[in-house]
Amino acid sequence: MSRILLIGGHGKVALLLEPLLVAAGHHVTAVVRNPAHEADVAATGATPLVADIERFDLDQLTSLESGNDVVIWSAGAGGGSAERTYAVDRDAAIRSIDAAVAARVPRYLMVSYFGARPDHGVDPADSFYAYAEAKAAADAHLRESPLDWTILAPSALTLDAPTGRIDVDADTSLSVARADVAAVVAASVDEPATSRRTVRFNTGDVPIAEALHGLAGARA
């Protein structure tokens, strides 16, 4: 059993992820900003914790993360202003990584997206540009950290029924069900083959556990 801190606990993927983690025997604390969301989180079996990570400084985040074995970042500004996107998806995410190092949390999982990279190619005039820049910066910061990290980068998210199968070898972003993304995150927590890897994936033909385990020996 691991003590897991899930940041962004009321997101669509997070609410699907929490019961999977609890069923696996983990103790899950899910961070939410809005107190009105506590009941939804509690219904999954996770323990809700109200905190505004956008406004927490490094010391506050270090205290928040202290005592956990795993931090999972599944938070996001959810669109809107570029200023808030940078504040949450880049700045708060980076602080949470530094806090994990300071708190000596050994494992950190980042939920990103398929196309996140410095050369993402998004036009600066596109409303998606701030998000692409923010995620590229946060992912790069995590890769440079000493943490046992995994970046999970799903393609376009859908509300389709889960298939339990993914493709981790695809070069092109297609789509994947949110429920399958949740299953991939849950399976990655204790899968050594995902350590210090970026895992880009679509819906596919290979069972999730098999696909992740098969990363062992592959080039990171």
One should read off an interatomic distance between E133 CD and D89 CG, to the nearest 0.5 angstrom, of 12.5 Å
Any donor and acceptor pair, going by atom type alone, linking the side chain of D40 with main-chain N or O of H37 inside 3.5 Å?
-> no
Separation between CG (L109) and CG (L17), nearest 0.5 Å, reads 9.0 Å
Has the side chain of S155 got a donor or acceptor atom that lies under 3.5 Å from a matching backbone atom of S173?
-> no
Over all atoms of both residues, closest heavy-atom pair of A116 and S112 = CB-OG, 3.3 Å
Judged by atom type as modelled, is there a donor-acceptor pair below 3.5 Å linking the side chain of R104 to the main-chain atoms of A100?
-> no
Under 4.5 Å between any side-chain heavy atoms of R33 and V50, yes or no?
-> no
Would you say D171 has more than 12 foreign heavy atoms packed within less than 6.0 Å of its CG?
-> no
Derivation of the salt bridge (charged side-chain N to carboxylate O under 4.0 Å, His left out) call for D148 and R107 = CA-CA 5 Å; D148 177 9; R107 185 92 167 102; 3.5 Å; yes
OG-OH distance between S145 and Y108, expressed to the nearest 0.5 angstrom = 9.0 Å
Does R84 reach the main-chain N or O of E54 with its side chain, forming a donor-acceptor pair under 3.5 Å?
-> no
Show the numbers, then the answer: is there a side-chain contact (heavy atoms from CB on, under 4.5 Å) between L152 and S188?
-> CA-CA 9 Å; L152 298 163; S188 296; 3.6 Å; yes
Kindly determine whether I4 and I72 satisfy side-chain contact (heavy atoms from CB on, under 4.5 Å), including the steps that lead there.
-> CA-CA 7 Å; I4 297 176; I72 299 175; 3.8 Å; yes
How many angstroms lie between CZ in F114 and CG in N202, if you round to the nearest 0.5 Å?
-> 5.0 Å
Quick one: do T198 and R143 satisfy side-chain contact (heavy atoms from CB on, under 4.5 Å)? Show the steps, please.
-> CA-CA 9 Å; T198 299; R143 291 188 187 101; 3.0 Å; yes
Nearest heavy-atom neighbours spanning P154 and V176 = CB-CG1, 3.7 Å
Nearest 0.5 Å please: distance from the CG atom of L64 over to the CZ atom of R95.
-> 12.0 Å
From I208 CD1 over to E191 CD, what is the distance, rounded to the nearest 0.5 angstrom?
-> 12.5 Å
Kindly determine whether R55 and D52 satisfy salt bridge (charged side-chain N to carboxylate O under 4.0 Å, His left out), including the steps that lead there.
-> CA-CA 6 Å; R55 290 180 168 79; D52 189 348; 2.8 Å; yes
Does W149 use its side chain to pair, donor to acceptor, with the backbone of I151 at less than 3.5 Å?
-> no
Could you tell me whether the side chain of K135 and the main chain of A130 form a donor-acceptor pair under 3.5 Å?
-> no
Evaluate the ring planes of Y113 and Y131, with Trp represented by its six-membered ring, and classify them as parallel (under 30°), tilted (30 to 60°) or perpendicular (over 60°).
-> tilted
Is S63 reaching over with its side chain to a backbone N or O of D59, donor-acceptor style, under 3.5 angstrom?
-> no
Could you go through the side-chain contact (heavy atoms from CB on, under 4.5 Å) check for L15 and H10 one step at a time?
-> CA-CA 6 Å; L15 289 172; H10 197 258; 4.0 Å; yes
Which heavy atom in T62 sits nearest to a heavy atom in A103, and how many Å separate them?
-> O-CB, 3.7 Å
Should we say atom NE2 of H141 is surrounded by more than 12 heavy atoms from elsewhere, each under 6.0 Å from it?
-> yes
Distance-only, no hydrogens or angles: does the D205 side chain make a donor-acceptor pair with backbone N or O of D167 under 3.5 Å?
-> no
Is there a donor-acceptor pair closer than 3.5 Å between any side-chain N or O of T203 and the backbone N or O of S175?
-> yes
For the hydrophobic clusters of this structure (ILVMFWY residues joined by side-chain heavy atoms under 4.5 Å, transitively), does one cluster hold both V32 and F56?
-> no
What's the shortest heavy-atom distance between Y129 and D123, and which atoms?
-> CB-O, 3.5 Å
Spell out, as yes or no, whether a donor-acceptor pair under 3.5 Å connects the side chain of H26 to the backbone of V28.
-> no
